[in-house]
Number of protein chains: 2
Amino acid sequence: MLQRFVLALALSLPSAALVAQDAPAARIASPDGRITVEVVTDHDGRARYSIARDGKPVIVSSQLGFLFTDVAKLDRNLRIASQATRSHDATWEQPWGERRHVRDHHNELRVGLVETNGDQRRFDVVFRVFDDGIGFRYVFPEQPALRRLNIAEELTEFTLATDATAWWIPALEWNRKEYVYKRTALAEVGFAQTPMTLRRDDGLHIAFHEAALADYSAMNLVRVEDRRFRAQLFPGTDAAKVERDAPFATPWRVVLLSDDAAGLATSDLVLNLNEPNALGDVSWVKPMKYLGIWWEMHLDTKSWGSGTKHGATTEDTIRYIDFAAQHGFGGVLVEGWNIGWDGDWFANGEEFSFTEAYPDFDIEKVTAHARERGVTLIGHHETSGHAAHYERQLPDALDLYERLGVAAIKTGYVADGGQAKVRDDDGNLRYAWHEGQAMSRHHIKVVTEAAKRRISINPHEPIKDSGLRRTYPNWVTREGARGMEYNAWGQPPNPPGHEATLVFTRMLDGPFDFTPGLFSMKSRHGDRVATTLAKQLALYVVLYSPLQMAIDLPEEYEAKPDAFRFIKDVPADWEDSRVLNGEVGEFVTFARKDRHSDDWYLGAVTDGEARTLHVSLGFLDAGRRYTAQVYRDGPNAGWQANQTDIVIEERDVTSGDSLELALAPGGGQAIRFIAR
Amino acid sequence: MLQRFVLALALSLPSAALVAQDAPAARIASPDGRITVEVVTDHDGRARYSIARDGKPVIVSSQLGFLFTDVAKLDRNLRIASQATRSHDATWEQPWGERRHVRDHHNELRVGLVETNGDQRRFDVVFRVFDDGIGFRYVFPEQPALRRLNIAEELTEFTLATDATAWWIPALEWNRKEYVYKRTALAEVGFAQTPMTLRRDDGLHIAFHEAALADYSAMNLVRVEDRRFRAQLFPGTDAAKVERDAPFATPWRVVLLSDDAAGLATSDLVLNLNEPNALGDVSWVKPMKYLGIWWEMHLDTKSWGSGTKHGATTEDTIRYIDFAAQHGFGGVLVEGWNIGWDGDWFANGEEFSFTEAYPDFDIEKVTAHARERGVTLIGHHETSGHAAHYERQLPDALDLYERLGVAAIKTGYVADGGQAKVRDDDGNLRYAWHEGQAMSRHHIKVVTEAAKRRISINPHEPIKDSGLRRTYPNWVTREGARGMEYNAWGQPPNPPGHEATLVFTRMLDGPFDFTPGLFSMKSRHGDRVATTLAKQLALYVVLYSPLQMAIDLPEEYEAKPDAFRFIKDVPADWEDSRVLNGEVGEFVTFARKDRHSDDWYLGAVTDGEARTLHVSLGFLDAGRRYTAQVYRDGPNAGWQANQTDIVIEERDVTSGDSLELALAPGGGQAIRFIAR
């Protein structure tokens with residue numbers, strides 16, 4: 001069949017055939033010259049790209065293109081009609097984040113592709129090549145033959161040049177990211193979500209993701225055959241998976257490249273591919289640590305719904321607010337405060353009111369008390385995925401919280417393991433996908449409406465993070481992965497290497513509200529959680545989130561005031577972040593500098609293996625003396641041994657010193673470096 | 001999240017939860033008791049099935065269910081409300097086929113599933129368990145809460161119990177089945193089309209497919225993770241992949257099971273799951289061998305389009321008709337006879353006229369001459385996938401062929417490697433998929449309209465075969481796989497083991513118009529085709545098709561009259577078919593009995609390896625003497641040695657004899673057993 005195509009092409013389109021034969025290649029290299037990208041058109045006029053690093057192929061000839069529902073697909077008979085390059089090197093400042101200053105240094109290649117037949121439709125592919133990876137996206141200019149794009153599928157391929165080890169989670173349900181990461185051979189990857197992380201035998205680390213996912217459907221990767229992956233977009237609410245009017249640009253397809261795992265975890269590439277802050281003054285976005293009436297529900301000693309076990313009571317909330325104020329926490333999350341939790345809530349979001357509290361929760365009194373104590377209530381809007389129902393109440397719901405001085409809202413989309421509900425352009429209720437175009441629009445609507453009221457948003461079971469926090473800095477974090485809550489249910493609990501995997505996989509897309517700080521270290525069934533006490537402290541440095549929870553009950557913290565001190569001290573906003581060492585799924589050590597003092601913090605975690613890590617303190621300011629407050633696993637510590645055996649000690653150090661970090665099985669170490 | 005579900009379920013639906021706990025299991029076994037199927041509902045009320053054979057698990061707990069675009073998905077909160085079993089044992093007669101009499105012996109289990117909440121929606125899952133595998137389908141009864149089903153996805157899973165070796169082709173493009181089969185570990189299967197064939201280490205052979213694919217979208221299998229496959233339906237022309245009104249039944253999901261490869265290739269299970277003949281008298285459907293003005297185009301010595309190289313001329317056609325008549329062929333295919341081939345035909349089906357011939361093709365004269373010589377012109381309708389354009393001309397196009405006495409039409413859907421064009425319910429042109437619901441309807445429309453005019457249909461780049469030839473016996477065959485044409489282009493040619501793979505993979509779904517009989521054995525570039533002359537003869541027995549082509553040019557056959565005799569002798573319709581031996585991708589030997597005489601035919605082919613196969617002639621009628629006309633590879637034969645070295649000899653044999661078949665590398669052997 002293909003052959004007939006070429007035959008007929010040669011017969012009917014000599015000029016095109018000629019162009020296809022002598023198609024020029026477009027090339028670009030990273031600023032350091034190590035990464036090169038090439039775009040060509042093949043004998044069928046298919047546009048293909050490839051990526052090499054240090055001259056070694058990484059992505060081999062992989063297709064670009066689109067299928068549409070109403071016009072011919074755009075993938076053959078293409079020629080490179082234009083190419084333009086530019087260089088960019090600038091540094092911008094984050095209002096909050098892992099580091100204040102972010103350098104955006106890349107070379108850009110814009111390849112103009114034009115059909116050689118029919119309507120001669122045009123699109124550009126823009127590659128941005130950084131020293132730590134590449135991003136590319138499609139840009140559709142205004143043109144008579146493509147006004148409205150009804151995209152049936154994106155034909156973007158990623159064909160790896162070599163085998164590798166892969167860490168990934170399956171695209172198994174329609175709203176779920178809450179999986180334990182799988183480690184398999186590349187050739188055994190199935191249908192994968194992004195970020196997906198690979199390590200080649202030669203040590204090259206590769207991660208696939210996307211950036212600036214806005215008004216578009218999210219991309220999963222299906223391994224079609226061999227080492228060949230193809231993008232598969234989430235369905236839309238109509239025949240097309242994505243409906244857009246030209247001109248428009250797709251999200252960026254991202255390939256991170258690094259000689260080591262650490263290089264992935266410190267990359268700012270995804271942020272750099274997002275648009276700058278669109279919200280103006282965002283000084284009101286306040287990173288903070290918070291407590292919550294939450295773990296009780298997971299332990300099943302309290303309930304979301306009303307009744308004798310109801311967790312969200314005025315009395316308990318005030319107790320939490322007082323505890324938060326006493327210990328310097330910024331907020332208190334209260335789930336189950338509003339009407340709608342009784343009954344089959346996860347299947348029927350229409351029961352939720354976002355303005356009416358249960359009678360035993362006096363929201364006026366609670367928030368007045370919070371304001372008085374300098375603490376904010378962290379609001380909660382569980383929608384069970386009924387975005388349409390939520391959007392109807394959104395203005396009133398946000399106005400209420402604004403009036404009550406609520407600084408942040410945790411939204412939720414627990415949709416019966418399944419679909420979200422939205423309204424299509426005709427106002428009909430349609431079942432949708434959590435990561436489809438309609439939900440992409442929904443989340444941005446919620447975030448921008450909240451921003452008008454100076455409220456930050458932290459969605460649970462959200463659309464994947466793609467760096468949009470740069471554009472919408474009030475979209476602070478997400479509970480979009482397998483967090484601590486799974487340790488409450490214990491079926492199965494998170495494995496010992498879970499956090500050291502998250503750092504190099506899920507965390508590549510942005511902050512994660514993992515909810516660390518478990519001092520009780522037991523599931524509701526009494527099962528051991530795979531951690532030591534020192535590891536729980538280390539997680540505050542290892543797992544970045546500008547809304548950082550202290551998950552456990554106040555009495556648990558009161559029982560261990562020495563260890564609790566680290567949680568009270570550690571900030572949730574950073575001047576700088578470094579990864580000192582790490583291997584995917586095994587161990588990792590972070591050093592981060594407080595954004596509001598000269599203090600540094602260190603966190604190290606390991607998997608089930610005991611490890612001794614040697615780290616230089618060269619990250620500390622030279623010539624400065626620090627008091628290091630060390631929280632380390634004790635001699636009998638271990639997640640299957642003595643989980644609470646911790647040694648807390650102080651010593652003087654300088655940037656010239658190095659430390660030996662002895663981590664117990666399932667353990668960790670946390671250090672505060674107080675500048676003197 | 002799941003946990004919250006169970007919590008809330010327990011809180012809100014105690015009775016349902018209780019049912020879910022003590023869910024009864026429904027079970028059924030095959031007539032011989034070796035295969036057992038069990039259906040249960042799990043703690044979430046998910047319906048799950050499993051399959052075992054000889055007590056060993058084959059398919060472990062795998063989900064059943066649906067996603068919809070406009071109502072809540074149907075996959076949880078289910079209980080088994082009813083179960084009924086019945087047994088069936090009957091034999092029916094095929095109007096034509098691999099065997100005249102087909103036994104349908106199975107036990108049936110119908111499981112009624114009802115939601116425990118909401119609208120208490122209902123559906124049945126019907127399992128039919130045969131001695132050589134199972135089929136199951138969903139049946140939606142009439143019910144107020146599910147009148148119109150807009151299916152977003154079918155949640156049917158197939159989770160294998162053990163590792164295996166897999167033979168499969170990727171679901172890579174949207175109309176393509178023309179791939180070389182891949183052999184990989186089960187854990188390395190990507191996104192697969194069906195049939196897909198597996199062999200376990202314990203020798204069990206498993207094949208996945210579907211039956212009775214009508215007014216529904218075809219199913220591919222995506223390996224989501226590990227050994228877990230999930231159905232993924234082809235997209236529709238609206239948000240839903242399938243739109244049906246209840247009551248209706250889905251196609252059957254098929255799992256063939258056999259101790260050896262031969263058992264797969266002789267299974268009638270797929271046919272048995274299809275509905276009986278819906279056309280009444282089909283005595284006019286005539287299996288036949290045919291010639292064609294076709295290979296010349298693939299050799300590029302002639303063209304489909306007009307001009308000096310035009311293949312479809314009155315003169316050449318008459319020459320072919322005379323040759324066909326002289327040698328007893330039933331038909332002559334002529335491609336490129338009609339207006340529309342000039343220009344970008346594969347991208348623009350609207351240029352095709354199905355009633356207007358090129359001026360140098362006098363269709364009246366040609367068909368008159370054909371009728372006179374007792375030969376039929378095999379019509380040709382290449383649509384380039386523009387089903388909507390074709391349907392507009394269909395009545396006139398079919399009327400013309402009926403008037404001219406054309407007995408069969410080869411239709412074609414070469415759609416630029418991409419999409420088909422159909423009209424949606426509102427008459428809008430929509431791009432569709434070759435195996436989506438709209439094209440499923442299109443093919444049945446063409447077949448039934450043709451049947452009214454006593455014309456048979458043989459589509460190229462069709463929807464997959466699923467046994468519908470039983471219901472529509474004029475849907476005789478398909479050119480729906482990688483056929484001989486690829487050997488003309490030689491990039492790459494078919495590998496030596498291709499045919500021995502097709503028998504146990506693609507051919508499991510039905511007849512394939514492979515177009516054997518290549519005597520020239522060279523590509524247009526002069527490359528060797530991976531075959532010997534004897535193998536080309538053997539393919540007439542090995543690869544079943546009721547329309548069986550002799551692909552080569554008349555002069556090639558005139559040059560080798562002795563070998564050509566077998567092609568002239570071999571029938572295209574069978575009383576019975578047996579597989580005497582075989583391994584997937586390596587070798588296979590078929591014995592088939594002529595439907596219109598007492599003669600038997602044997603065909604054996606091997607891959608690149610030379611083999612000596614020992615076969616008993618026990619299939620011959622006992623006590624009868626036969627003259628065996630043997631066409632075997634000569635001493636110097638081999639696809640890389642002397643391709644045309646053939647020994648043709650006769651001997652007397654009876655059913656008590658056994659033969660040694662010596663096959664050269666890439667070779668084969670053909671035998672006619674003439675009853676005396």
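Convention: sequence-line order gives letters A, B, ...; per-chain numbering from 1.
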Inset, instruction - Heavy-atom distances under 4.5 Å only: say whether Gln193(B) touches chain A with side chain, backbone, both or neither. - result: neither

Legend entry - For the student: nearest non-hydrogen atoms of Ala166(B) and Val189(B), plus distance: CB-CG2, 3.5 Å

Inset, instruction - Using distance alone, with no hydrogens and no angle criterion, decide if Asp342(A) and Ser306(A) have a side-chain donor and acceptor under 3.5 Å apart. - result: yes

Legend entry - Plane angle bin for Trp489(A) and His298(A) - parallel if under 30°, tilted between 30 and 60°, otherwise perpendicular: tilted

Legend entry - Region of Val222(A) that comes under 4.5 Å of a non-hydrogen atom in chain B: side chain

Inset, instruction - Identify which part of Thr69(A) has an atom lying under 4.5 Å from any heavy atom of chain B, answering side chain, backbone, both or neither. - result: both

Legend entry - Proximity breakdown for Ala171(A) and chain B, heavy-atom pairs closer than 4.5 Å: backbone

Legend entry - Which atom of Tyr179(A) lies closest to which atom of Pro170(A), heavy atoms considered: CE1-O, 3.6 Å

Inset, instruction - Give the member of Asp70(A), Val71(A), Thr237(A) that has the highest number of heavy-atom pairs under 4.5 Å with chain B. - result: Val71(A)

Legend entry - Phe68(A) portion near chain B, given a 4.5 angstrom heavy-atom threshold: backbone

Legend entry - chain A contact via Lys182(B) - which portion, at a heavy-atom distance below 4.5 Å: side chain

Legend entry - Row check, Tyr181(A) ring normal vs Arg183(A) NZ/CZ: under 6.0 Å, within 45°: no

Legend entry - Test of ring centre spacing under 6.0 Å for Trp345(B) and His386(B): no

Inset, instruction - Could you have a look at Gly190(B), Ala239(B), Gly412(B) and say which one has the most heavy-atom pairs with chain A under 4.5 angstrom? - result: Ala239(B)

